[in-house]
Amino acid sequence: MFQEMENFEFSTELLPGLPEELGLECLSRLPCTAHRLASRVYHRWRDLLQSPDFYYHRKKLGYTQKFACLVLSFNGGTVNGPKKPGVSPSYGIAVFDSVSQRWDRLPVHRYPNGLPLFCQLASCEGKLVVMGGWDPVSYDPVTDVFIYDFMTQQWRQGKDMPSKRSFFAIGACLGRVFIAGGHDENKNALRSAWVYDLRMDEWSQLGEMSEERDECEGVVIEEDEFWVVSGYRMESQGQFDGSADVYGLKSGQWRRVEGVWEPGRCPRSCVGMGKDGKLVNWAELSPAVRVGACGISLGRRVLVTGSGYQGGPHGYYMVEMKEGQHSKLEKLNVPDEFSGCVQSGCYAEI
(Lines give C-alpha, C1' and ligand atoms only; values in the text may rest on other atoms or scores of the structure.)
Protein backbone atom coordinates (compact mmCIF):
# COMPACT_ATOMS: atom_id res chain seq x y z
CA MET A 1 0.00 0.00 0.00
CA PHE A 2 1.23 3.52 -0.70
CA GLN A 3 2.96 5.33 2.15
CA GLU A 4 0.83 8.04 3.72
CA MET A 5 2.20 11.54 3.23
CA GLU A 6 1.82 12.26 6.95
CA ASN A 7 4.57 9.72 7.65
CA PHE A 8 7.17 11.46 5.44
CA GLU A 9 10.28 12.68 7.23
CA PHE A 10 11.83 15.88 5.89
CA SER A 11 15.37 16.98 6.66
CA THR A 12 14.74 20.70 5.98
CA GLU A 13 11.68 22.92 5.89
CA LEU A 14 9.44 22.81 2.84
CA LEU A 15 8.58 26.47 3.35
CA PRO A 16 10.87 28.56 5.58
CA GLY A 17 9.29 29.48 8.89
CA LEU A 18 6.36 27.08 8.61
CA PRO A 19 5.86 23.67 10.23
CA GLU A 20 6.13 20.77 7.81
CA GLU A 21 2.42 20.01 7.87
CA LEU A 22 1.56 23.59 6.87
CA GLY A 23 4.22 23.59 4.14
CA LEU A 24 2.79 20.36 2.78
CA GLU A 25 -0.73 21.82 2.92
CA CYS A 26 0.37 24.89 0.93
CA LEU A 27 2.11 22.84 -1.77
CA SER A 28 -0.84 20.46 -1.95
CA ARG A 29 -3.04 23.41 -2.96
CA LEU A 30 -0.67 24.44 -5.75
CA PRO A 31 -2.48 24.20 -9.14
CA CYS A 32 -1.24 21.29 -11.25
CA THR A 33 -0.41 23.75 -14.06
CA ALA A 34 2.25 25.27 -11.80
CA HIS A 35 3.94 22.00 -10.78
CA ARG A 36 6.56 21.98 -13.53
CA LEU A 37 7.75 25.49 -12.70
CA ALA A 38 7.64 24.87 -8.94
CA SER A 39 9.77 21.73 -9.32
CA ARG A 40 12.63 23.95 -10.55
CA VAL A 41 12.60 26.13 -7.43
CA TYR A 42 13.90 23.67 -4.84
CA HIS A 43 15.07 20.06 -5.04
CA ARG A 44 12.78 19.03 -2.16
CA TRP A 45 9.81 20.48 -4.01
CA ARG A 46 10.83 18.55 -7.13
CA ASP A 47 11.09 15.26 -5.22
CA LEU A 48 7.78 15.91 -3.51
CA LEU A 49 5.87 16.94 -6.64
CA GLN A 50 7.12 13.90 -8.56
CA SER A 51 6.21 11.46 -5.76
CA PRO A 52 3.20 9.18 -6.37
CA ASP A 53 2.48 9.48 -2.63
CA PHE A 54 2.06 13.24 -3.01
CA TYR A 55 -0.36 12.61 -5.88
CA TYR A 56 -2.53 10.36 -3.70
CA HIS A 57 -2.31 12.85 -0.84
CA ARG A 58 -3.68 15.62 -3.10
CA LYS A 59 -6.34 13.25 -4.43
CA LYS A 60 -7.44 12.36 -0.92
CA LEU A 61 -7.79 16.05 -0.05
CA GLY A 62 -9.71 16.79 -3.26
CA TYR A 63 -7.05 19.02 -4.84
CA THR A 64 -6.64 17.04 -8.06
CA GLN A 65 -8.48 18.00 -11.26
CA LYS A 66 -9.82 15.85 -14.09
CA PHE A 67 -8.93 16.67 -17.71
CA ALA A 68 -10.37 14.99 -20.81
CA CYS A 69 -7.74 13.43 -23.11
CA LEU A 70 -8.95 12.66 -26.63
CA VAL A 71 -7.46 10.86 -29.62
CA LEU A 72 -8.55 13.42 -32.19
CA SER A 73 -8.27 13.69 -35.97
CA PHE A 74 -6.59 16.74 -37.44
CA ASN A 75 -7.16 17.83 -41.01
CA GLY A 76 -4.40 16.19 -42.97
CA GLY A 77 -0.62 16.58 -42.92
CA THR A 78 1.63 15.84 -39.97
CA VAL A 79 0.24 16.38 -36.48
CA ASN A 80 3.07 18.65 -35.35
CA GLY A 81 3.40 20.56 -38.63
CA PRO A 82 1.36 22.51 -41.18
CA LYS A 83 -1.80 20.96 -42.57
CA LYS A 84 -2.04 20.10 -46.25
CA PRO A 85 -5.25 19.90 -48.29
CA GLY A 86 -6.13 16.50 -49.72
CA VAL A 87 -4.05 14.58 -47.18
CA SER A 88 -5.63 11.89 -44.99
CA PRO A 89 -6.33 12.94 -41.38
CA SER A 90 -3.70 12.22 -38.78
CA TYR A 91 -4.42 11.72 -35.10
CA GLY A 92 -3.09 13.54 -32.08
CA ILE A 93 -4.01 14.01 -28.43
CA ALA A 94 -6.17 16.93 -27.37
CA VAL A 95 -6.55 17.88 -23.68
CA PHE A 96 -9.64 19.73 -22.45
CA ASP A 97 -9.95 21.53 -19.11
CA SER A 98 -13.68 21.77 -18.41
CA VAL A 99 -13.14 24.38 -15.67
CA SER A 100 -11.25 26.94 -17.75
CA GLN A 101 -12.75 25.66 -21.07
CA ARG A 102 -9.20 25.56 -22.42
CA TRP A 103 -8.04 23.20 -25.18
CA ASP A 104 -4.41 22.13 -25.64
CA ARG A 105 -2.57 19.64 -27.81
CA LEU A 106 0.12 17.27 -26.60
CA PRO A 107 3.17 16.69 -28.78
CA VAL A 108 3.12 13.29 -30.49
CA HIS A 109 6.03 11.10 -29.44
CA ARG A 110 8.07 9.25 -32.06
CA TYR A 111 5.44 9.16 -34.84
CA PRO A 112 5.74 12.25 -37.13
CA ASN A 113 2.66 11.20 -39.12
CA GLY A 114 0.42 11.10 -36.07
CA LEU A 115 -0.51 8.61 -33.38
CA PRO A 116 -0.87 4.91 -34.19
CA LEU A 117 -4.38 4.39 -35.54
CA PHE A 118 -6.80 2.88 -32.99
CA CYS A 119 -4.28 3.24 -30.17
CA GLN A 120 -5.71 3.09 -26.64
CA LEU A 121 -5.46 5.67 -23.83
CA ALA A 122 -5.45 5.19 -20.07
CA SER A 123 -4.33 7.36 -17.18
CA CYS A 124 -3.24 6.91 -13.58
CA GLU A 125 -1.12 8.77 -11.02
CA GLY A 126 -1.18 11.95 -13.12
CA LYS A 127 0.26 10.28 -16.21
CA LEU A 128 -1.21 9.42 -19.61
CA VAL A 129 -0.46 6.03 -21.16
CA VAL A 130 -0.71 5.34 -24.92
CA MET A 131 -0.71 1.69 -26.00
CA GLY A 132 -0.84 -0.29 -29.21
CA GLY A 133 -2.63 0.64 -32.42
CA TRP A 134 -1.49 0.50 -36.03
CA ASP A 135 1.50 2.27 -37.52
CA PRO A 136 -0.04 5.28 -39.36
CA VAL A 137 2.09 4.62 -42.48
CA SER A 138 2.34 0.82 -42.77
CA TYR A 139 -0.88 -0.05 -40.86
CA ASP A 140 1.06 -2.80 -39.08
CA PRO A 141 0.01 -3.38 -35.44
CA VAL A 142 2.53 -2.08 -32.90
CA THR A 143 3.31 -2.98 -29.29
CA ASP A 144 4.55 0.46 -28.25
CA VAL A 145 3.83 1.86 -24.79
CA PHE A 146 4.42 5.57 -24.18
CA ILE A 147 3.84 7.49 -20.94
CA TYR A 148 3.31 11.25 -20.74
CA ASP A 149 4.03 12.94 -17.40
CA PHE A 150 1.91 16.07 -17.05
CA MET A 151 4.21 17.42 -14.34
CA THR A 152 7.44 17.27 -16.38
CA GLN A 153 5.57 17.62 -19.71
CA GLN A 154 7.74 14.88 -21.19
CA TRP A 155 7.22 11.47 -22.80
CA ARG A 156 9.07 8.30 -21.90
CA GLN A 157 8.89 4.86 -23.44
CA GLY A 158 7.56 1.98 -21.38
CA LYS A 159 8.06 -1.74 -21.80
CA ASP A 160 6.37 -3.04 -24.97
CA MET A 161 3.07 -4.89 -24.76
CA PRO A 162 3.57 -8.67 -24.43
CA SER A 163 2.12 -9.25 -27.91
CA LYS A 164 0.38 -7.46 -30.75
CA ARG A 165 -3.34 -6.95 -30.20
CA SER A 166 -5.90 -4.51 -31.56
CA PHE A 167 -9.31 -3.25 -30.38
CA PHE A 168 -8.77 -4.44 -26.82
CA ALA A 169 -10.37 -3.20 -23.59
CA ILE A 170 -8.26 -0.97 -21.36
CA GLY A 171 -8.60 0.51 -17.87
CA ALA A 172 -6.30 1.96 -15.21
CA CYS A 173 -6.27 2.08 -11.43
CA LEU A 174 -3.70 2.65 -8.65
CA GLY A 175 -0.63 2.74 -10.88
CA ARG A 176 -1.65 -0.22 -13.05
CA VAL A 177 -3.09 -0.47 -16.57
CA PHE A 178 -5.28 -3.47 -17.44
CA ILE A 179 -5.86 -4.75 -20.98
CA ALA A 180 -8.05 -7.64 -22.15
CA GLY A 181 -9.50 -9.15 -25.30
CA GLY A 182 -9.21 -7.68 -28.79
CA HIS A 183 -7.60 -9.67 -31.59
CA ASP A 184 -4.04 -10.62 -32.53
CA GLU A 185 -2.13 -9.83 -35.73
CA ASN A 186 -3.84 -12.79 -37.44
CA LYS A 187 -7.35 -11.47 -36.56
CA ASN A 188 -7.88 -14.18 -33.95
CA ALA A 189 -10.16 -12.99 -31.13
CA LEU A 190 -8.54 -13.15 -27.68
CA ARG A 191 -9.67 -14.00 -24.15
CA SER A 192 -6.33 -13.29 -22.48
CA ALA A 193 -5.63 -10.30 -20.20
CA TRP A 194 -2.54 -8.54 -18.87
CA VAL A 195 -1.69 -5.80 -16.37
CA TYR A 196 1.09 -3.22 -16.70
CA ASP A 197 2.72 -1.75 -13.58
CA LEU A 198 3.79 1.85 -14.29
CA ARG A 199 6.30 2.08 -11.46
CA MET A 200 7.96 -1.29 -12.09
CA ASP A 201 7.64 -1.03 -15.90
CA GLU A 202 6.60 -4.68 -15.96
CA TRP A 203 3.79 -6.75 -17.44
CA SER A 204 2.01 -9.62 -15.66
CA GLN A 205 -0.56 -12.02 -17.11
CA LEU A 206 -4.01 -12.29 -15.58
CA GLY A 207 -6.29 -15.30 -15.74
CA GLU A 208 -8.35 -15.70 -18.91
CA MET A 209 -11.88 -14.37 -19.39
CA SER A 210 -14.87 -16.64 -19.86
CA GLU A 211 -14.77 -16.16 -23.66
CA GLU A 212 -13.05 -14.32 -26.50
CA ARG A 213 -14.00 -10.64 -26.71
CA ASP A 214 -12.98 -8.73 -29.84
CA GLU A 215 -13.80 -4.99 -30.02
CA CYS A 216 -14.76 -4.94 -26.33
CA GLU A 217 -14.66 -1.90 -24.04
CA GLY A 218 -13.01 -1.51 -20.63
CA VAL A 219 -14.34 0.35 -17.57
CA VAL A 220 -12.81 0.57 -14.08
CA ILE A 221 -15.39 0.97 -11.32
CA GLU A 222 -14.65 2.44 -7.88
CA GLU A 223 -11.03 1.21 -7.92
CA ASP A 224 -12.48 -2.25 -7.27
CA GLU A 225 -13.29 -3.86 -10.62
CA PHE A 226 -12.17 -3.88 -14.24
CA TRP A 227 -15.15 -4.53 -16.52
CA VAL A 228 -14.63 -5.90 -20.05
CA VAL A 229 -17.91 -5.16 -21.75
CA SER A 230 -19.40 -6.98 -24.75
CA GLY A 231 -17.24 -7.86 -27.78
CA TYR A 232 -17.65 -10.94 -29.96
CA ARG A 233 -16.13 -14.38 -30.40
CA MET A 234 -14.08 -15.54 -33.38
CA GLU A 235 -16.95 -17.52 -34.90
CA SER A 236 -19.51 -14.70 -34.47
CA GLN A 237 -17.84 -11.77 -36.24
CA GLY A 238 -19.58 -8.50 -35.45
CA GLN A 239 -22.32 -10.10 -33.32
CA PHE A 240 -21.70 -8.18 -30.11
CA ASP A 241 -22.51 -10.02 -26.88
CA GLY A 242 -24.63 -8.62 -24.05
CA SER A 243 -22.41 -9.94 -21.24
CA ALA A 244 -19.25 -8.71 -19.52
CA ASP A 245 -16.27 -10.29 -17.78
CA VAL A 246 -15.38 -8.54 -14.52
CA TYR A 247 -11.93 -8.74 -12.89
CA GLY A 248 -11.79 -8.11 -9.13
CA LEU A 249 -8.74 -5.95 -8.44
CA LYS A 250 -8.54 -7.23 -4.87
CA SER A 251 -9.60 -10.85 -5.37
CA GLY A 252 -7.66 -11.35 -8.61
CA GLN A 253 -10.57 -13.41 -9.96
CA TRP A 254 -12.80 -13.11 -13.02
CA ARG A 255 -16.60 -13.38 -12.91
CA ARG A 256 -19.10 -13.22 -15.75
CA VAL A 257 -22.14 -10.92 -15.73
CA GLU A 258 -25.04 -11.38 -18.15
CA GLY A 259 -27.41 -8.85 -19.66
CA VAL A 260 -25.44 -5.64 -19.07
CA TRP A 261 -25.24 -4.46 -22.68
CA GLU A 262 -27.57 -4.37 -25.65
CA PRO A 263 -26.71 -7.40 -27.84
CA GLY A 264 -25.53 -6.47 -31.32
CA ARG A 265 -24.43 -2.96 -30.29
CA CYS A 266 -20.75 -1.98 -30.57
CA PRO A 267 -19.49 -0.78 -27.16
CA ARG A 268 -16.30 0.96 -28.30
CA SER A 269 -15.73 4.31 -26.54
CA CYS A 270 -19.40 4.67 -25.55
CA VAL A 271 -19.61 2.69 -22.28
CA GLY A 272 -19.84 4.55 -18.98
CA MET A 273 -21.12 4.05 -15.47
CA GLY A 274 -24.18 5.96 -14.31
CA LYS A 275 -24.86 7.30 -10.82
CA ASP A 276 -27.25 4.39 -10.25
CA GLY A 277 -24.44 1.86 -10.70
CA LYS A 278 -25.62 0.65 -14.11
CA LEU A 279 -23.73 0.78 -17.39
CA VAL A 280 -24.59 3.73 -19.64
CA ASN A 281 -24.46 3.91 -23.42
CA TRP A 282 -23.41 7.50 -24.16
CA ALA A 283 -24.88 7.21 -27.68
CA GLU A 284 -28.35 7.00 -26.12
CA LEU A 285 -28.15 10.36 -24.34
CA SER A 286 -29.28 12.31 -27.41
CA PRO A 287 -29.85 11.88 -31.17
CA ALA A 288 -27.05 14.44 -31.60
CA VAL A 289 -24.41 11.85 -30.55
CA ARG A 290 -25.93 8.59 -31.79
CA VAL A 291 -23.04 7.94 -34.22
CA GLY A 292 -19.42 7.63 -33.06
CA ALA A 293 -20.24 8.56 -29.47
CA CYS A 294 -17.44 8.90 -26.92
CA GLY A 295 -18.03 9.83 -23.29
CA ILE A 296 -15.48 10.88 -20.66
CA SER A 297 -16.52 11.29 -17.03
CA LEU A 298 -15.07 14.40 -15.39
CA GLY A 299 -16.67 14.02 -11.98
CA ARG A 300 -20.30 15.08 -11.83
CA ARG A 301 -20.23 16.07 -15.48
CA VAL A 302 -19.43 14.08 -18.62
CA LEU A 303 -17.88 15.28 -21.88
CA VAL A 304 -19.78 13.57 -24.71
CA THR A 305 -18.85 13.76 -28.39
CA GLY A 306 -20.48 12.30 -31.48
CA SER A 307 -22.50 12.94 -34.64
CA GLY A 308 -26.19 12.89 -35.42
CA TYR A 309 -25.66 10.80 -38.56
CA GLN A 310 -22.93 8.92 -40.42
CA GLY A 311 -20.45 11.41 -41.88
CA GLY A 312 -22.04 14.33 -40.06
CA PRO A 313 -20.16 17.04 -38.13
CA HIS A 314 -18.80 16.06 -34.75
CA GLY A 315 -20.37 17.86 -31.79
CA TYR A 316 -19.03 18.34 -28.25
CA TYR A 317 -21.35 18.50 -25.25
CA MET A 318 -21.30 18.54 -21.45
CA VAL A 319 -23.99 16.73 -19.48
CA GLU A 320 -24.52 16.51 -15.73
CA MET A 321 -25.22 13.00 -14.51
CA LYS A 322 -27.68 12.49 -11.67
CA GLU A 323 -28.92 9.30 -10.04
CA GLY A 324 -31.45 7.70 -12.33
CA GLN A 325 -31.43 10.59 -14.82
CA HIS A 326 -29.31 13.08 -16.72
CA SER A 327 -29.74 16.69 -17.73
CA LYS A 328 -29.84 18.03 -21.26
CA LEU A 329 -26.68 18.18 -23.31
CA GLU A 330 -24.96 21.57 -23.22
CA LYS A 331 -23.21 22.26 -26.52
CA LEU A 332 -19.61 23.48 -26.31
CA ASN A 333 -17.98 26.01 -28.60
CA VAL A 334 -14.80 24.24 -29.70
CA PRO A 335 -11.92 25.87 -31.64
CA ASP A 336 -11.80 24.67 -35.25
CA GLU A 337 -8.44 22.99 -34.61
CA PHE A 338 -10.06 20.63 -32.08
CA SER A 339 -13.38 19.98 -33.83
CA GLY A 340 -12.37 16.77 -35.62
CA CYS A 341 -13.64 13.24 -35.08
CA VAL A 342 -12.83 11.64 -31.70
CA GLN A 343 -11.55 8.07 -31.92
CA SER A 344 -11.26 7.35 -28.20
CA GLY A 345 -10.37 9.02 -24.94
CA CYS A 346 -10.04 8.92 -21.17
CA TYR A 347 -9.74 11.33 -18.28
CA ALA A 348 -6.48 12.21 -16.56
CA GLU A 349 -6.61 13.24 -12.89
CA ILE A 350 -3.73 15.64 -12.28
Can a donor-acceptor pair be found between the side chains of [X] and [Y] at a distance below 3.5 Å?
X	Y	answer
Tyr196	Asp201	yes
Asp149	Gln50	no
Ser166	Trp134	yes
Ser243	Arg256	yes

Do the side chain of [X] and the main chain of [Y] share a donor and acceptor less than 3.5 angstrom apart?
X	Y	value
Ser73	Cys341	yes
Ser307	Pro313	yes
Arg165	Ser192	yes
Glu20	Leu14	yes
Arg46	Arg40	no
Ser28	Leu24	yes
Trp254	Ser210	no

- Relative to each other, are the rings of His109 and Trp155 parallel, tilted or perpendicular (30° and 60° limits)? parallel
Same cluster (ILVMFWY, side-chain, under 4.5 Å), [X] and [Y]:
X	Y	answer
Phe167	Val271	no
Leu61	Leu27	no
Val130	Met161	no
Leu198	Leu174	no
Trp282	Val219	no

Roughly how far, to the nearest 0.5 Å, is [atom2] of [Y] from [atom1] of [X]?
X	Y	atom1	atom2	result
Ile221	Leu279	CD1	CG	6.0 Å
Thr64	Tyr55	OG1	OH	6.0 Å
Glu125	Met151	CD	CE	13.0 Å
Ser90	Leu72	OG	CG	10.0 Å
Lys66	Ser297	NZ	OG	5.0 Å
Cys119	Gln343	SG	CD	6.5 Å

Decide yes or no for [X] and [Y]: does some side-chain heavy atom of the first lie under 4.5 Å from some side-chain heavy atom of the second?
X	Y	answer
Glu212	Asn188	no
His314	Val334	no
Arg255	Glu225	yes
Leu332	Leu303	yes
Asp144	Asp160	yes
Asp104	Asp97	no
Leu249	Asp224	no
Val145	Lys159	no

Heavy-atom neighbours of [X] [atom1] exceed 12 at 6.0 Å:
X	atom1	result
Arg265	CZ	yes
Asp140	CG	yes
Glu258	CD	yes

- Is the ring centre of Tyr148 less than 6.0 Å from the ring centre of Phe146?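 So the answer is no for these two rings.
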State, to 0.1 Å, how close [X] and [Y] come at their nearest heavy-atom pair, and which atoms those are.
X	Y	result
Ala193	Ala180	CB-CB, 3.7 Å
Leu121	Cys69	CD1-O, 3.7 Å
Lys127	Ser123	O-OG, 2.7 Å
Glu217	Arg268	OE1-CA, 3.5 Å
Arg213	Ser230	NH1-O, 2.9 Å
Pro136	Tyr111	CD-CD2, 3.7 Å

- Salt bridge Arg58-Glu349, side-chain N to carboxylate O under 4.0 Å: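 No salt bridge links Arg58 with Glu349.
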- Message: Assess whether a salt bridge exists between Arg233 and Glu235, defined as any Lys/Arg side-chain N lying under 4.0 Å from an Asp/Glu carboxylate O.
- Response: yes
- Task: Only one of Phe338, Trp103, Tyr316, Tyr347 passes ring-ring contact (aromatic ring centres under 6.0 Å, His included) with Phe96; say which it is.
- Result: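 Per the ring-ring contact (aromatic ring centres under 6.0 Å, His included) rule, the option paired with Phe96 is Trp103, out of Phe338, Trp103, Tyr316, Tyr347.
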- Message: I need the single residue from Trp194, Phe226, Phe168 that forms a ring-ring contact (aromatic ring centres under 6.0 Å, His included) with Phe178. Which is it?
- Response: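 Among Trp194, Phe226, Phe168, the one that satisfies the ring-ring contact (aromatic ring centres under 6.0 Å, His included) with Phe178 is Phe226.
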- Query: Does Arg105 count as lying over the ring of Phe74, i.e. NZ or CZ under 6.0 Å from the six-ring centre, within 45 degrees of the axis?
  - Reply: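 Satisfied, under 6.0 Å and within 45°.
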- Verdict with supporting geometry, Asp241 and Trp261, side-chain contact (heavy atoms from CB on, under 4.5 Å): CA-CA 7 Å; Asp241 192 83; Trp261 189 252; over 6 Å; no
